[in-house]
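Before any comments, here is the structure.
No hydrogens, no waters, no symmetry mates; every other heavy atom, side chains included, goes into these values.
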Amino acid sequence: MTFPSGRITLAIQAFFIFVFVLTCCAPSKATIQYAVSLEHPEQHLFHVTMTIPDVAGEVIVQMSAWNALYQIRDFSNHVGQVEAFAGSERAPIEKVDKQTWRAKGTGTIKISYATYWDDVGPFSSQLNAEHAFINPAMILLYVQDRRAEAATVSISEISNEWRIETASSWGIVQRGRNRLFFIQSPSYDALADGPIEIGKFQEFDLPGMAPRVTVVIHGDNWKRKKVEEELKRICEYELKLMDGAPFERYTFILHVGKGAGGGGMEHANSTAIGVGSDEYLSVVAAHEFFHLWNVKRIRPATLDPVDYSKEQFTRALWFAEGVTSTYGAYTLVRSGIWNKEQFYMDLGQQISELENRPANRWQSAEQSSLDAWLEKYPLYNQPEHSVSYYTKGQVLGDLLDILIRDRTRNEKSLDDVLRAMNTDFAKQGKAYRDSLDIRLTVEKVAGSSFEEFFQKYVAGTEPFPYQRILALAGLELRTLERSRATLGFSTERDATNGVVVVQNVVADGPAAASGLYIGDVILGWNGGEVPRRLERWLRDQKAGDVLKLRVRREEKEITVEFRLGEIKEIFYAVTEDPHANEKAREIRDGLLHGVTKAAAVR
C-alpha cells in the first residue's frame, strides 16, 4: 500500500512511529533486520546493514546465487565493502566462497556492505536518479538456517518526491528531511518474494475488484484506460476460473516505455513486468497473473523449498510455465481481449516455432524443463540445440485440453485439472510430484488413462499428432511456406549485467556487409533497448526493414545500419474446419469460451 506525502493522518503516522520504535528498540529476538540506504542513487549503490541477533560464536551469511531466472547469476559479484561489528567494535569476517561469509562474535552481529545495481527489467534490480527497483533476494544477505525467522527492512535517504510500493506489509515514519520506509515480513523467503518499487510512479486500483488489485506504473507510452480495462478483464476471468483469490491484495508493478526491459516475473502476491509499450502488456499480464496458482501455489516438489545457493532441477516447467502460457492465451480470448482469429494465430505461431527447431526431434518437454539452467549459454538457445518448455508446454496444454474434452464429451476440461490441483495440492500446502501427479490428476478428471500420451509426448519425443487431435475440436492445421525477416547474426546476453554481445555474423548476410563484427557490444536497437526475445521481435518485422544498431567496439561507439535479410520457412496456420461435426464444434466452443456441459448444468 502506498502512502504519498500529505495523505497520512497524524494518527496513522503516530502508529507507524510506534511500530518502528517498538521493532527497532525492543529486544530483537528472532527478527533479522536490514537497513538500506539509497543515498546518492546516481552512484547505483545500495548500502545495506544487516543486524543478526542471538549469534552464538559465529554466523554464516550468504548471497543468493539465483533468483527470478533459472540461471546461476552469482549476485555476490555485485557486493563489496563487507564489514562486521559486534556492538561498536569491529568483528572478524572472512569470505568462505563466492557467495558466503563467516563472521565471528556473540550476541548481536551487524554486517554492512554495498551492492551495485543498475540493470533494467523485472529480473534484476536498479538504483538510479529516476527510481529504485529491488528484488530483495539480489541485495539482501541471509542466514541459511534462519530463513524462517521474521525480517524487517528500513529504507532511508529517499528523495521527498519518491514513494514506495511493495507486496509486503509496511509503513512510513518521517525523520527530519528524509523519510524512512519500514517493511515487515514473516520470513526471509516471503521478503525475497516481494519486489519493491520506489520513485515517482502513478498508482491506481482496478475498479470493482475484491480483493484489492493495485497497479503501479513507472514510465511512459501507456494509456490508463487501456491498461485498466485489460488488466481488469484478465483478473476477473482468472479469479472466476480458479474459484476465487488466493491473496488479500495483489500488486502489478509495471515498467513501461523505453529502457523498461522486457518480460514479467511472478511473485506470491504481485508481479513485476517490463514492456516497451502497453501494446504487449496484456499478453505478459495474463501469463503472470495465472502464476498466482500455477507455480506459486500449485508447486512442483522439485522446486520446494527454494534453495538459493544452487540449481534446482525440475522436469515440470513444461507445465509450470508452458501450461501457464496456455492459460495466458485462453484468458485473452475468453475475456474478449483477443478474437478467435488471434487465438488461432498464436497457436499456429507456437506450433511453427516448435516444428522449425530441429532439437524438437530429440529434446522432450521434460528434458527441456530439466535443462532450463543452460539457457544463459547462447549455443544452447540455438534451434539445433534446444526447444522452449514455454512453447512445447503451451502446445501440450492445448492438446491435453482437447483430449480431455473429447473423452468426456465436453463434460470436463483442463480447467478442471488446474482446479483439482489447486484443491488437492495448493490448498493443502502440498507440492506435486512433477509430471506424475499432473498425469494422475488428468486421469482422475478424464476418467481414463493418459499414460501413453505422457510417455510419448511429455517424457518422449514422438511427433505431436496435431491433425488428429485438432480435428477433435473442429480445427485444421495447414502447412504453408512463407518468407520472414532474419537478422543475419546472433547475440549473447550476459545474465548478470544484461550486456548484449554479437556472437556470430553470417558471412554473406547484410549485417556482415554493413560492418557488424563478432564481439560488438550492442548499446541501442532502433533507438531503444535490445529486445529480450529476438525471435518474437522478428515476427513483427519484414525483410528489408531497416535495423539501426549503436554498438561499442574497442571503447568507441559507432552506428551500424542495414536491412533485414530474408529466409523461407514452413509456417503452420490453425483454422476452423467448416465440416466439423456437432461434438467437435462443442469442444471448439469450449476451448474458446472456457465452458463445458457440466459447467452449464451447474
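Here W373 contributes atom CH2 and L69 contributes atom CG; the two are 9.0 Å apart, rounded to the nearest 0.5 Å. In this structure, CG in L549 is found 7.5 Å from CG in N526, a value given to the nearest 0.5 Å. Rounding to the nearest 0.5 angstrom, the gap separating the CG atom in L127 from the OG atom in S37 is 9.0 Å. In this structure, R552 CZ and E554 CD are separated by 12.0 Å, a value rounded to the nearest 0.5 Å.
In terms of the ring-ring contact (aromatic ring centres under 6.0 Å, His included) criterion, Y237 has no residue partners (sequence neighbours excluded). The ring-ring contact (aromatic ring centres under 6.0 Å, His included) test applied to F123 returns no partner, not counting sequence neighbours. Residues forming a salt bridge (charged side-chain N to carboxylate O under 4.0 Å, His left out) with E229 (at least two apart in sequence, or on another chain): none. Take K98 and apply the side chain to side chain donor-acceptor pair (under 3.5 Å) test, not counting sequence neighbours, and it matches D74. Residues satisfying the side chain to side chain contact (heavy atoms under 4.5 Å, CB included) criterion with P305, sequence neighbours excluded, are absent altogether. Taking K225 as the reference, nothing meets the salt bridge (charged side-chain N to carboxylate O under 4.0 Å, His left out) condition, with sequence neighbours excluded. R147 pairs by the salt bridge (charged side-chain N to carboxylate O under 4.0 Å, His left out) definition with D189, not counting sequence neighbours. The side chain to side chain donor-acceptor pair (under 3.5 Å) search around S125 returns none, not counting sequence neighbours. Taking H131 as the reference, H218, H255 meet the ring-ring contact (aromatic ring centres under 6.0 Å, His included) condition, with sequence neighbours excluded. Listed by chain and residue number, nothing satisfies the ring-ring contact (aromatic ring centres under 6.0 Å, His included) test with W338 (two or more places apart in sequence, or in another chain).
Looking only at distances, a side-chain donor or acceptor of H291 sits under 3.5 Å from a matching main-chain atom of N294. With hydrogens and angles disregarded, no donor-acceptor distance shorter than 3.5 Å links the side chain of D205 to the backbone of P207. Side-chain atoms of Y70 do not come within 3.5 Å of backbone N or O of L374 as any donor-acceptor pair.
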What do the steps show when you test S325 against H287 for side chain to side chain donor-acceptor pair (under 3.5 Å), and what is the final call? CA-CA 6 Å; S325 291; H287 178 102; 3.2 Å; yes

From CA spacing to verdict: salt bridge (Lys or Arg N to Asp or Glu O under 4.0 Å), E236, K240: CA-CA 6 Å; E236 286 180 338; K240 180 180 179 181; over 6 Å; no

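Seen from the ring of Y188, R146 does not count as a face-on cation partner, given the 6.0 Å and 45° thresholds.
Residue pairs meeting the ring pair (Phe, Tyr, Trp, His ring centres under 6.0 Å) criterion with at least one partner in residues 84-115, sequence neighbours excluded, are absent. Within the structure, no pair that satisfies the salt bridge (charged side-chain N to carboxylate O under 4.0 Å, His left out) test touches residues 263-285, not counting sequence neighbours.
No more than 12 heavy atoms of other residues, nucleotides or ligands sit less than 6.0 Å from atom NZ of K110. Within a 6.0 Å sphere centred on NZ of K200, other residues, nucleotides and ligands contribute 12 heavy atoms or fewer. Within 6.0 Å of OH in Y377 there are 12 or fewer heavy atoms belonging to other residues, nucleotides or ligands. For E130, the CD atom counts as loosely surrounded, since its 6.0 Å shell holds 12 or fewer non-hydrogen atoms of other residues, nucleotides or ligands. Sparse packing is recorded around NZ of K310, with 12 or fewer heavy atoms of other residues, nucleotides or ligands lying under 6.0 Å away.
No donor-acceptor contact under 3.5 angstrom links the side chains of T251 and S270, judged on distance only. Using modelled atom types and a 3.5 Å distance limit, the side chains of T100 and R102 yield no donor-acceptor pair. Side-chain contact, T331 with E238: a donor N or O sits under 3.5 Å from an acceptor N or O. A side-chain donor-acceptor contact under 3.5 Å links W117 and T115. Residues Q126 and D118 bring a donor and an acceptor atom of their side chains to less than 3.5 Å of each other.
Ring-centre distance between Y34 and Y142: not below the 6.0 Å cut-off. Remark: aromatic rings of H44 and Y116 are close, center separation under 6.0 Å.
Put simply, the residue from V256, L254, L281 that forms a side chain to side chain contact (heavy atoms under 4.5 Å, CB included) with W222 is V256. When each of L534, V501, V521 is tested with T491 by the rule side chain to side chain contact (heavy atoms under 4.5 Å, CB included), just one qualifies, namely L534.
Classified by interplanar angle (parallel below 30°, tilted 30° to 60°, perpendicular above 60°), the ring pair F247/Y250 is tilted. The aromatic rings of F290 and Y327 lie parallel to each other, their planes meeting at an angle below 30°, with 60° marking the opposite boundary.
Looking only at side-chain heavy atoms (C-beta outward), R73 and M138 come within less than 4.5 Å of each other.
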